[in-house]
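Quick notes on the structure that follows.
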Amino acid sequence: MTPLPTHLELVQGVVLPKPVGAHPVLDFVNTRSEWTTRGPARTEWLASYEAFLIWNSYVGLLSSATVFRLNEQADGRSSEAAQLLRQTLDFRADLYDVLTGQATDQAFDAVARVTEKASGRRQLVRIGDEVSWELREDLGLPLYNLSLLAADLLTGSSREHVRTCPSCGWLFLDPRGRRRWCSMATCGNRAKVRAHAARTR
Ligand SMILES: [Zn+2]
């Protein structure tokens, strides 16, 4: 068996990219191999609703118990799960455009609608004396949870630190202004090799 490249990891039978975005919303956007085109990517890591659930637990957005229960729900409602995955991938593309400042009004509205819907689905929950906003645990939970986090990122002070990898288009936070590439293991290394080849030509 060929070992996986170092930027990928096998998680519960699914290959996923290791997080490099320094923010879960940016890592969500980075779940396809490149954003140089809006068509299908060379590699799509969110290939199924189940893979999307596993990714959520991998990056710490959902507990493994929640993922287990949602997986059971998805088993009996496969067409609803497939539809939610399509919505998730559309949301990801529109969110990418909003984060990179190139969104049409239509793309922005689409992101806003999902987020407003998520906002309306929150419930105020009390456990002991602790009170918090929670989303219902149904198949929409992973998408709605991400959309609320995306809205926080878009309206917060981290937004100005979002950078785009010049090679693959992935996004990452760069508060100190020191990063150029999404990852030295992939794009940074390829650039080094290209520069070396140009020097020795
Ligand atoms: Zn890159």
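Predicted model, so just to flag it, every value in this text is computed and none were measured.
No donor-acceptor contact under 3.5 angstrom links the side chains of E80 and S78, judged on distance only. The closest side-chain donor-acceptor pair between Y58 and Q12, if any, does not fall under 3.5 angstrom. R190 and S167 share no donor-acceptor pair across their side chains, judged by distance under 3.5 Å alone. Side chains of Q102 and T100: a donor on one and an acceptor on the other come within 3.5 Å.
Looking only at distances, a side-chain donor or acceptor of Y96 sits under 3.5 Å from a matching main-chain atom of G169. Checked by atom type and distance alone, the side chain of K18 pairs as donor or acceptor with a backbone atom of T6 at under 3.5 Å. Remark: side-chain polar atoms of D174 are not paired, donor with acceptor, to backbone N or O of H161 under 3.5 angstrom.
Under the 30°/60° scheme for interplanar angles, the aromatic rings of W45 and W170 are found to stand perpendicular. Taking the six-membered ring for Trp and thresholds of 30 and 60 degrees, W55 and F52 have nearly parallel ring planes, at less than 30 degrees apart.
Residues C168 and S33 approach most closely at CB-O, 4.1 Å, considering heavy atoms. In terms of heavy-atom proximity, L154 sits nearest to L99 at CD2-CD2, 3.7 Å.
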- Task: Let me see the working for E116 and R121 under salt bridge (Lys or Arg N to Asp or Glu O under 4.0 Å), right down to the final yes or no.
- Result: CA-CA 9 Å; E116 287 155 8; R121 289 165 62 103; over 6 Å; no
- Given the rule in the side-chain hydrogen bond (donor to acceptor under 3.5 Å, both in side chains) test, do R32 and T43 qualify, once you have shown the distances and angles that lead to the verdict? CA-CA 6 Å; R32 50 175 278 161; T43 307; over 6 Å; no
- Query: Does the salt bridge (Lys or Arg N to Asp or Glu O under 4.0 Å) test come out yes or no for E134 and R122, once each step is laid out?
  - Reply: CA-CA 5 Å; E134 301 278 346; R122 291 184 311 172; over 6 Å; no
- Do L143 and Q87 pass the side chain to side chain contact (heavy atoms under 4.5 Å, CB included) test, and can you show the C-alpha distance, the side-chain angles, and the key distance before you say yes or no? CA-CA 8 Å; L143 169 62; Q87 278 178 32; 3.9 Å; yes
- What do the steps show when you test V15 against L4 for side chain to side chain contact (heavy atoms under 4.5 Å, CB included), and what is the final call? CA-CA 9 Å; V15 174; L4 276 177; 4.1 Å; yes
- Task: Quick one: do L26 and L153 satisfy side chain to side chain contact (heavy atoms under 4.5 Å, CB included)? Show the steps, please.
- Result: CA-CA 9 Å; L26 302 182; L153 175 62; 3.9 Å; yes
- Determine, step by step, whether E160 and S158 satisfy the side-chain hydrogen bond (donor to acceptor under 3.5 Å, both in side chains) criterion, reporting the C-alpha distance in whole Å, the side-chain angles of both residues, the deciding distance to 0.1 Å, and the verdict. CA-CA 5 Å; E160 58 181 305; S158 295; over 6 Å; no
- Task: With side chain to side chain contact (heavy atoms under 4.5 Å, CB included) as the test, would you mind laying out the steps for K192 and M184 before giving the verdict?
- Result: CA-CA 9 Å; K192 251 194 333 209; M184 278 316 290; 4.2 Å; yes
- Message: Test side-chain hydrogen bond (donor to acceptor under 3.5 Å, both in side chains) on S48 and E50; report intermediate values, then the result.
- Response: CA-CA 5 Å; S48 66; E50 189 193 5; 4.9 Å; no
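Counting heavy atoms from C-beta outward, P142 and L70 have side chains that approach closer than 4.5 Å. Between L149 and L61 there is a side-chain heavy-atom pair separated by less than 4.5 Å. Residues E137 and T66 have side chains in contact (heavy-atom distance under 4.5 Å, counting atoms from C-beta outward). Side-chain contact between W181 and T186: absent, with no pair of heavy atoms (C-beta onward) separated by less than 4.5 Å.
Here the SG-CG distance, from C182 to D27, works out to 10.5 Å after rounding to the nearest 0.5 Å.
In this structure, R38 places its CZ atom where more than 12 heavy-atom neighbours from other residues, nucleotides or ligands lie under 6.0 Å away. Counting heavy atoms of neighbouring residues, nucleotides and ligands inside a 6.0 Å radius, atom CD of Q123 exceeds 12 of them.
Cluster annotation: F172 and L146 are assigned to distinct hydrophobic clusters (Ile/Leu/Val/Met/Phe/Trp/Tyr, side-chain heavy-atom contacts under 4.5 Å, transitive).
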